[in-house]
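Chain A is the first sequence line, chain B the second, and so forth, proteins listed ahead of strands; every chain is numbered from 1. All of these numbers come straight from a predicted model, not from anything done at the bench.
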Amino acid sequence: MIRVRFAPSPTGFLHVGGARTALFNWLFARHHKGTFVLRIEDTDEVRSTHESVDAILGSMAWLGLDWDEGPILEGSGVGSDGSGWKSKGNYGPYFQMQRLEHYKKYLRQLEDAGRAYRCYCTPEEVEMMRVQAQLEKRPPKYDGRCRELTEKERRDKEGAGRKWTLRFKMPQEEKTVIHDLIRGEVHFENILQQDLIIQKTSGVPTYNFACVVDDHQMEISHVIRAEEHLSNTPAQVCMYAALGWTPPQFAHLSMILGADGTKLSKRHGATSVLEYKNQGYLPQAMRNYLALLGWATETSQDIFEVQELFDKFDLDRCQKNPATFDFAKLDWMNGMYIRKLSQADLVEASKPFLPKDAAQQTPNLSELVVLEQEKYRVLSDVPKMLDFFFTEEFVYHWDDLNGLMVKSPHLKTHEALERLIEFTESKFFKLEPFVETQIEAALREIAKDLGWKTAEVFHPLRFAVSGRLQGPSLFHMAAALGKGRVVLRLARLKKSIKESAAK
RNA sequence: GGCCCCAUCGUCUAGCGGCCUAGGACGCUGCCCUCUCAAGGCAGAGAUCACGGGUUCGAAUCCCGUUGGGGCCA
């Protein structure tokens, strides 16, 4: 039975790297008809917040990564320990701070068996050891001075009120071999590993211990996580052995880097999944793009339906080398997905990005939004490309107009332009019904009558109607705007020309 | 510093000993279509497969080393 988990620490938003890890776990579970577990690793008591839990669950929900077991997404939790959250699944609770009793039991078991010991060193002392070791060019590790303390020494220290942590006693011989599903065999000399702290002075276990207990108790079959956890894996594998458990299979995903080859961070652009949502990326595009960061099919296919991803995704085609996050390709892909949207879906998706009163201002809003569908790369482009529909206050940039006039042999003077506008006004005035095909026919007739190229007629009129040199098809745009507004705008441009000429 | 991981066009990648004078996609350039911009179609530039040694009749593909990048210890 395949059981995988995504186990974020709620110390911030869900970033792109975390989302990719979650996605791969999700895809792996769906591909193998397994179970996808979401577990909140909140043992960092100072940095964990319930706002982060909200943000992470919200991001996952937005991306459509539904989990089979874990906290239920209903409103928000009450405490950073997850109290107030409900959970689904038989292996809960899914907040580590609610699982303290489980950890205590195994912590005690390890200590009783002599596989863990109390360490009375202060953080300062440990730091000193590290510096010292580096100076002497030795491996920087805890020197094990509390390993073989006598019973009396221990009593003395505790009598003196020294606080203690629990350290796992790493075997000092042989080596640990990880059979990584992506990297193959990875060997580690045990002697070089340090005795990791598994319980903090507060009594709370550390990440490295808690996840071993949870993965075992939750019967996780495959641990799919980022490469940064690879170095901790040998210690964890030794803990499994010390507890008499069989470790799960491991798969360490490569990192996601920014354009400069360093770990993706804020200076490279957006890192939070929610930022992408706010900028107008579609979850399906994001998902598709992320899937390609470290995974590919034999055909280098790049657009996938979700079901196709389920069918084709597997760990054996995951990339070992790190991937650079390419915003340009994401934009392209998002544009692809926007173009695939139905009219209704596009309008719905655009709503958060449109002016609040857009629907009242323009009853035919959905007709407008679709006009530029093939040009949007992000949904925040929608209001930018459509703004002239929502206001009569847009400005005419004379530089644009002048540029147009330079290129057109028949538009050398403002008078010529005025004449074109007047000609159009009178034509439009009689035009009934004012629909796309009629408008096109009328405008082509004007060009013919005038003996101008069609472009010489269309471009200045597009400018008149929208204030732009580029935009939707003139006929579509005019029809969508309606005769009244079009005539109004023609008149407005004519007036502006007169005024500027007077100056 | 120690340990670990990684290395094919600018980027994501295909390739798993002969099919590779290295394929696809993004981006870039040009052409076509066309009322503009897009979209779409076509064409093109772009990789001595990081470098150096082996192994082999034959290596991008296997082995060793070097360099570079990244991660963990922090």
Discussion item. If you compare every side-chain N and O of A/Arg377 against the phosphate oxygens of B/rG27 (OP1, OP2), does one of them come in below 4.0 Å?
Written reply: yes

Item to complete: Give A/Leu230 one of three labels, base, sugar-phosphate or nothing, depending on what nucleic acid heavy atoms sit under 4.0 Å from its own.
Response: sugar-phosphate

Fill in: Nucleotide B/rU34, atom P - distance to CZ of A/Phe458 in whole Å
13 Å

Discussion item. Categorize A/Pro234 for me: base, sugar-phosphate, or nothing, with a 4.0 angstrom heavy-atom threshold over every strand shown.
Written reply: nothing

Discussion item. Under a plain distance cut-off of 3.5 Å, with no hydrogens placed, do A/Asp331 and A/Tyr281 share a side-chain donor-acceptor pair?
Written reply: yes

Item to complete: Check the distance between B/rA25's C1' and A/Asn288's CG and give it to me in whole angstrom.
Response: 12 Å

Worksheet entry | P spacing across the pair B/rG23 / B/rA60, given as an integer number of angstrom | 14 Å

Item to complete: For A/Asp331 and B/rA38, give me the distance from atom CG to atom P, rounded to whole Å.
Response: 15 Å

Worksheet item: Looking only at atom C1', what distance separates B/rG65 and B/rC26, rounded to whole Å?
Response: 36 Å

Discussion item. Taking only the C1' atom of each, what is the distance from B/rC49 to B/rU8 in whole angstrom?
Written reply: 4 Å

Worksheet item: Heavy atoms under 4.0 Å, any strand shown: does A/Phe188 hit a base, just sugar-phosphate, or nothing?
Response: sugar-phosphate

Discussion item. Just to be sure I understand the rule, does A/Thr297 reach a base, reach only the sugar-phosphate, or reach nothing, if contact means heavy atoms closer than 4.0 Å?
Written reply: sugar-phosphate

Discussion item. Output the rounded distance in Å from NZ (A/Lys448) to C1' (B/rC35).
Written reply: 18 Å

Quick test: give all pairs of protein nitrogen or oxygen and nucleotides 20-24 of chain B nitrogen or oxygen below 3.5 Å, distance rounded to 0.1 Å.
from   : atom 1 : to       : atom 2 : distance (Å)
B/rG23 : N2     : A/Ser300 : OG     : 2.5

Worksheet entry | Whole-Å distance separating the CZ atom of A/Phe325 from the C1' atom of B/rU11 | 12 Å

Practice prompt. Provide the distance between the two C1' atoms, one in B/rC19 and one in B/rU61, to the nearest whole Å.
Written response: 14 Å

Worksheet item: NA contact type, A/Glu227, heavy-atom cut-off 4.0 Å: base, sugar-phosphate, or nothing?
Response: base

Item to complete: In whole angstrom, give me the gap between the C1' atoms of B/rG18 and B/rC12.
Response: 28 Å

Worksheet entry | Between B/rC33 and B/rA47 - P atom distance, rounded Å | 32 Å

Worksheet entry | Below 4.0 Å: OP1/OP2 of B/rG2 and any side-chain N or O of A/Gln193 | no

Practice prompt. Would you classify A/Gly294 as touching base, sugar-phosphate or nothing, given that sugar-phosphate means primed atoms plus P, OP1 and OP2, and contacts are heavy atoms under 4.0 Å?
Written response: sugar-phosphate

Worksheet item: Base, sugar-phosphate, or nothing: which does A/Ser473 touch, judged by heavy atoms less than 4.0 Å apart?
Response: base

Response to the item:
In A/Phe28, A/Phe24, A/Phe6, the residue satisfying ring pair (Phe, Tyr, Trp, His ring centres under 6.0 Å) with A/His222 is A/Phe28

Item to complete: Rounded to the nearest angstrom, tell me the gap between atom CG in A/Leu290 and atom P in B/rU11.
Response: 19 Å

Worksheet item: Side chains of A/Leu474 and A/Leu461: closer than 4.5 Å at any heavy-atom pair?
Response: yes

Worksheet item: Taking atom types as modelled, is there a side-chain donor on A/Lys312 or A/Gln301 under 3.5 Å from an acceptor on the other?
Response: yes

Worksheet item: Do the side-chain N or O atoms of A/Arg339 get closer than 4.0 angstrom to the phosphate oxygens (OP1, OP2) of B/rG40?
Response: yes

Worksheet item: Contact class for A/Leu474 (heavy atom, under 4.0 Å): base, sugar-phosphate, or nothing?
Response: base

Discussion item. Regarding A/His187, tell me which of base, sugar-phosphate or nothing describes its non-hydrogen contacts under 4.0 Å with the strands shown.
Written reply: sugar-phosphate

Worksheet item: If you measure from the P atom in B/rA38 to the same atom in B/rU29, how many Å do you get, rounded?
Response: 10 Å

Worksheet item: Over how many whole Å does the gap from A/Met477 atom CE to B/rC37 atom P extend?
Response: 14 Å

Worksheet item: Between atom CE in A/Met336 and atom P in B/rG27, what is the gap in whole Å?
Response: 10 Å

Worksheet item: If we call it a pair only when both distances are under 3.5 Å in a Watson-Crick or G-U wobble match, what pairs with B/rC35?
Response: none

Worksheet item: Hey, does the side-chain of A/Arg183 have a donor or acceptor N/O within less than 3.5 Å of a partner on the base of B/rC5?
Response: no

Worksheet item: Reckon A/Leu293 touches a base, only the sugar-phosphate, or nothing at all at heavy-atom distances under 4.0 Å?
Response: sugar-phosphate

Worksheet item: OP1 or OP2 of B/rC4 sitting under 4.0 Å from any side-chain N/O of A/Asn232?
Response: no

Discussion item. Whether the A/Thr299 and A/Thr297 side chains hold a donor-acceptor pair (N or O, under 3.5 Å, no angle test) is what I'd like checked.
Written reply: yes

Worksheet entry | Whether over 12 other heavy atoms sit under 6.0 Å from A/Lys407 NZ | no

Practice prompt. For B/rC31 and B/rG24, measure between their P atoms and round to the nearest Å.
Written response: 22 Å

Item to complete: Start with the C-alpha distance between A/Glu415 and A/Arg419, add both sets of side-chain angles, then the distance that settles salt bridge (Lys or Arg N to Asp or Glu O under 4.0 Å), and finish with yes or no.
Response: CA-CA 6 Å; A/Glu415 287 71 34; A/Arg419 239 178 298 122; over 6 Å; no

Item to complete: Answer yes or no for A/Arg317 and A/Trp295: cation-pi contact, defined as NZ/CZ to six-membered ring centre under 6.0 Å and angle to ring axis within 45°.
Response: no

Fill in: Note: A/Arg39-A/Asp215 ion pair, threshold 4.0 Å (strictly below)
yes

